[in-house]
Amino acid sequence: MKSLSGLLSILTGFIVISGGAFAAEPAVLQAEQTRTEIVKKVAPTVVAIFSSDGNGGGSGVLISPDGYALSNYHVTSACGDFMKCGLNDGVLYDAVIVGIDPTGDVALIKLLGRDDFPSAPLGDSDALVAGDWTYALGNPFLLATDFQPTVTFGMVSGVHRYQYPAGTFLEYTDCIQVDTSINPGNSGGPLFNAAGELVGINGRIAVEKRGRVNVGAGYAISINQIKHFMDQLRGGHIVDHATLGATVRSGPDRIVLVDSILESSDAYRRGLREDDEIISFAGRPIGSVNQFKNILGIYPKGWSLPLVYRRDGKKQEIIVELPALHGRSELAPSAGPKTPRPHRHQPKSPDEKDSAEAKLPKDELPAEYKKLFEKKAGFANYYFNKQEQQRVLAGLVPFAGWQDAAGKWTLSGKSADGDNLQIKLFPQALSAQFTKRAPGLQKLDDTDFLDEPPGSGGLLAALYQFKLLLTEGAPAFTEFSYYGSQPLDGRATTVDVLITKKSTIECRWYFRVTDGALVGFDSYLGPDVDGCEIRFLQLGDFQGRRFPNRLSVRYGDTQYGVFDLLSIETTSLSETSKQ
Amino acid sequence: MRHRCSSKNNSAAACDSGLRRIEGPVNFLRVPLFRSLIVGMSVLGLLIVANTASAQSTSETIASVSPKVVKIFGAGGSKNLYAYGSGFLVSPQGHIVTVWSHILDSDTVSVVLNDGRRFEGKVVAPEPPLDLAVLKIEAEGLPYFDLNQAISVGPGTRVLGFSNAFKVATGDEPVSVIHGVVAAKTSLAARRGAFESPYTGPVYVVDAVTNNAGAAGGVLTTWDGRLVGMIGKELRNTQTNTWLNYVMPISELRETVEQIISGRFNSKKPDDDDDEGGLTKKRPNRYDAADFGIITIPDVVARTPAYIDRILPGSLAETAGLHPNDLILFVGENLVQTCHTLKDELGRLESGDQLKIVVRRDDKLVSVVISVPKKMTE
């Protein structure tokens, strides 16, 4: 018997050796080894997501050591606010919803209980070309009961694909098409490039008459699109995509023309009109309507981006702010679990009543986790917005010391064009006096905020908001939230944005991401109007307190002025009331 | 399902088979082919590992092939009758080869090039027996495949499929590319009635899902971009619910395409009053029911069931125990749905074959075996 097995093993060995010789091209073996190494490296980051009640699920991928993971909205929406996540270490973790993108079919969740999760590095999905190799990992058909992800390997079939909206919101723009086998259950799982970097989230497959299985065309949401929304998702939002406020059509010779445009849109205010030819948008050339939709679809509402158009042979570049694709109420029902699954009724005989439950330990969510979820209109999970607010508010630390100066402020200075100014921010009223410019007066007795001084976009109202922020902070405002990050003025600087509202005025406060510094803000007197854009060019010291001593003020397309502040006199509230 | 069939020459047969392909019980393959496919795939699995080594040349191949593949938009649009397809350029003057399908039933089709330019395409000539059509757009200086450079490949060859599957590309987007391996080079065992396919010649069978909605008319190339074949239509075996990804070798199409382009083309279809699409004459007709003493009921409607009307006295059928009013269900392994298919099946018999017939008699199935006699007339 022993000799027989010995003979067998010799034979087997022989076969293996000759098999090796058959496929012994070193490049082939090298490629195989590279693949297995990559799979070994990325597999620990792949998440098998299950709903808490054990019904349904999908896939996801960890992107940070503290447990943030990406998935599809259509996966998490079926799972509820808390879900169970298995990793290939065999452990099942609790996870909480953080932010959702119902339009782009993306969800951000946070796995709980560790701060050293393995995480996947984010790649550059725009660097992909047709023919590149990709790995899809995940939990197709929910096979991975031991949480070991299934690996499929295939080719990029096309990039920058546009997939028409399916159902209500879902629209895949600028997505990656692969012949890598993606099947139901792969949803939300990662698509890695040949180097093992995360380049997409698998979410959609071509399904026709063959049933819900792969037929050679799967689609992944590009990671570059998700990067644009990442900070909004981290901020617990139900994020929305953008529109231009204009529709476009194909013209002759593969040009794209503005078909119609909303007069309330920022694009209209910046000068874009019907029949203008759109040449580029967000730095990418536009050659077809689909291309335009593709590019527009990857940006969040509220971003400002450069657009180049041609009219009468003349090229013009504008920075346009993008309005929201949906109304707030349209997306609001997206939060929380989708219509709860009806409980599967399982008939029990009276004597076995609850015996199963009695034996199994009850899976109660720890109390410390429960507080990680907070409901609020417009948010998937407001708890995470508060966390981000705290993080960003650290940018106000250099402006400390104004809290005890909530009384009268008198700012004096001069402008670059030789104008002198004196601005008074008093509790009852605001005023501005110049030697050259028109003066402004804004009462604070519940009268509407106006464009005072005229042509500034409401500079007085804006400075008043700034005073409120520095003296009273968040409690001064009726709404206070972290918005996410975006390129400032459509340019390279990325800023974290806080949004405040008080009566009709909305302010957007910009904190440079690299160092957290507050670099300026926009103040809007109402919806669909240009804001008063204040940028801090330089900070100075005023009686031991920091304040910008050089400010640029823009309104729409015009520079209202650049002002140097020479002095700020302040009083405390008590002093004010004494007088 | 509406189907526009009227306007084109020769379209009746093609439309008819197209319709049946989608609706009817279509069985085009005998099991051994699938078996060889699976064996082929498992043997070849090893070879695929070479892939990653050649990424650079792959993108070069894709860049050179994609501009020669076009998107075609035409008739259709209802469920299962998609209004889009693929084709490829075979001359710098805009000759395009594609499959002969319902998409071409509209008077003109829209042809969109890789760079997004849109042209009106006209059908120069169809050749339904090859499931082929040649279109022409008015353009010059286009990138194209030289059909004389096309090559034949064997099983195990790694290939790329290019097509506008699922209409993913509509304008200037490149068509989709997928990768696979030629699993077999074989003949589509197409048999009218029971096993039917729009094309009946030699094919490459591919292990990847090349044949999707809109993919027919796309190309299969080697990894260095040499043309191998034209991707065929979607083809399903309703018995097993499996789908076959087949590709027609260029060598089968080249002569016809060249004839069409040069204007010397005569369809293989013999005459217009024969609605069997030229296939009738080739089909063997060695035996008929009367040779066994079986007289079926008159074949008067399109799908007359094969009921036995009379049995000739002293015939083989009588000896075997067949009765009038028996309904013939199977000849050999093949389902007989109509008198027509019975005729086909019997026509294929050779002397010395064991003819196995299954009939339904009342509520029972009865099986008989008849030795096929030598025929004096042969």
Side-chain angles (χ1 to χ4, degrees), chain A residues 19-20 22-36 38 128-133 153-164 172 175 177-181 193-194 205-211 213-219 250 252-254 256 287-291 294, chain B residues 22 43-63 65-66 79-80 82 112-113 115-118 160-180 206 208-215 223 234 236 241-243 245:
Chain A
F22 168 64
E25 280 186 49
V28 171
L29 297 175
Q30 180 59 46
E32 182 179 14
Q33 195 184 341
T34 307
R35 279 203 313 277
T36 51
I38 295 267
L128 283 179
V129 293
D132 281 351
W133 292 109
F153 182 64
M155 176 180 277
V156 174
S157 296
V159 291
H160 304 305
R161 294 304 203 196
Y162 178 80
Q163 284 283 289
Y164 287 89
Y172 277 37
C175 63
Q177 181 198 350
V178 291
D179 75 359
T180 314
S181 196
N193 64 13
I205 55 175
V207 170
E208 295 238 328
K209 43 202 169 287
R210 303 191 192 187
V213 293
N214 185 275
V215 289
Y219 302 94
S250 318
D253 237 4
R254 279 169 290 146
V256 173
S288 71
V289 172
N290 268 9
Q291 227 171 35
N294 250 343
Chain B
I22 291 159
V43 169
L44 297 165
L46 260 183
L47 298 180
I48 300 173
V49 294
N51 287 349
T52 38
S54 55
Q56 180 53 38
S57 64
T58 309
S59 58
E60 284 168 11
T61 297
I62 293 169
V65 171
S66 295
K79 194 172 172 19
N80 284 349
Y82 37 88
V112 180
L113 302 185
D115 59 11
R117 277 187 291 165
R118 187 174 285 268
L160 295 172
F162 295 81
S163 75
N164 188 22
F166 303 117
K167 201 176 64 175
V168 173
T170 52
D172 59 354
E173 308 94 333
V175 293
S176 300
V177 52
I178 69 175
H179 77 290
V206 186
V209 192
T210 45
N211 299 37
N212 271 309
W223 279 60
E234 290 180 288
R236 183 169 74 115
N241 202 22
T242 46
W243 297 75
N245 298 294

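So that the names make sense, note that chain A is the first sequence line, chain B the second, and so on, each numbered from 1.
Separating the CZ atom in Phe166(B) from the CD atom in Gln177(A) is a distance of 9.0 Å, to the nearest 0.5 Å. The NE2 atom of His179(B) lies 4.0 Å from the CH2 atom of Trp133(A); values are rounded to the nearest 0.5 Å. For the atom pair CG of Asp179(A) and OG1 of Thr210(B), the computed distance is 11.0 Å after rounding to the nearest 0.5 Å.
Proximity to chain B (any heavy atom under 4.5 Å) is shown, for Val159(A), by neither the backbone nor the side chain. Using a 4.5 Å cut-off between heavy atoms, Ile178(B) touches chain A through backbone and side chain atoms alike. When heavy atoms are compared at a cutoff of 4.5 Å, Gln291(A) approaches chain B solely by way of its side chain, counted from C-beta outward.
Every residue meeting the side-chain hydrogen bond (donor to acceptor under 3.5 Å, both in side chains) condition with Glu173(B), not counting sequence neighbours, appears here in chain and number order: Asn290(A). Listed by chain and residue number, Asp115(B) satisfy the salt bridge (Lys or Arg N to Asp or Glu O under 4.0 Å) test with Arg117(B) (two or more places apart in sequence, or in another chain).
Per-residue counts of heavy-atom pairs under 4.5 Å with chain A were compared for Pro174(B), Ala165(B), Ala208(B); the largest is that of Pro174(B).
Scanning both residues, Val177(B) and Val156(A), for their nearest heavy atoms gives CG1-O, 3.8 Å. The two residues Ala130(A) and Ile62(B) have their closest heavy-atom pair at O-CD1, 3.3 Å.
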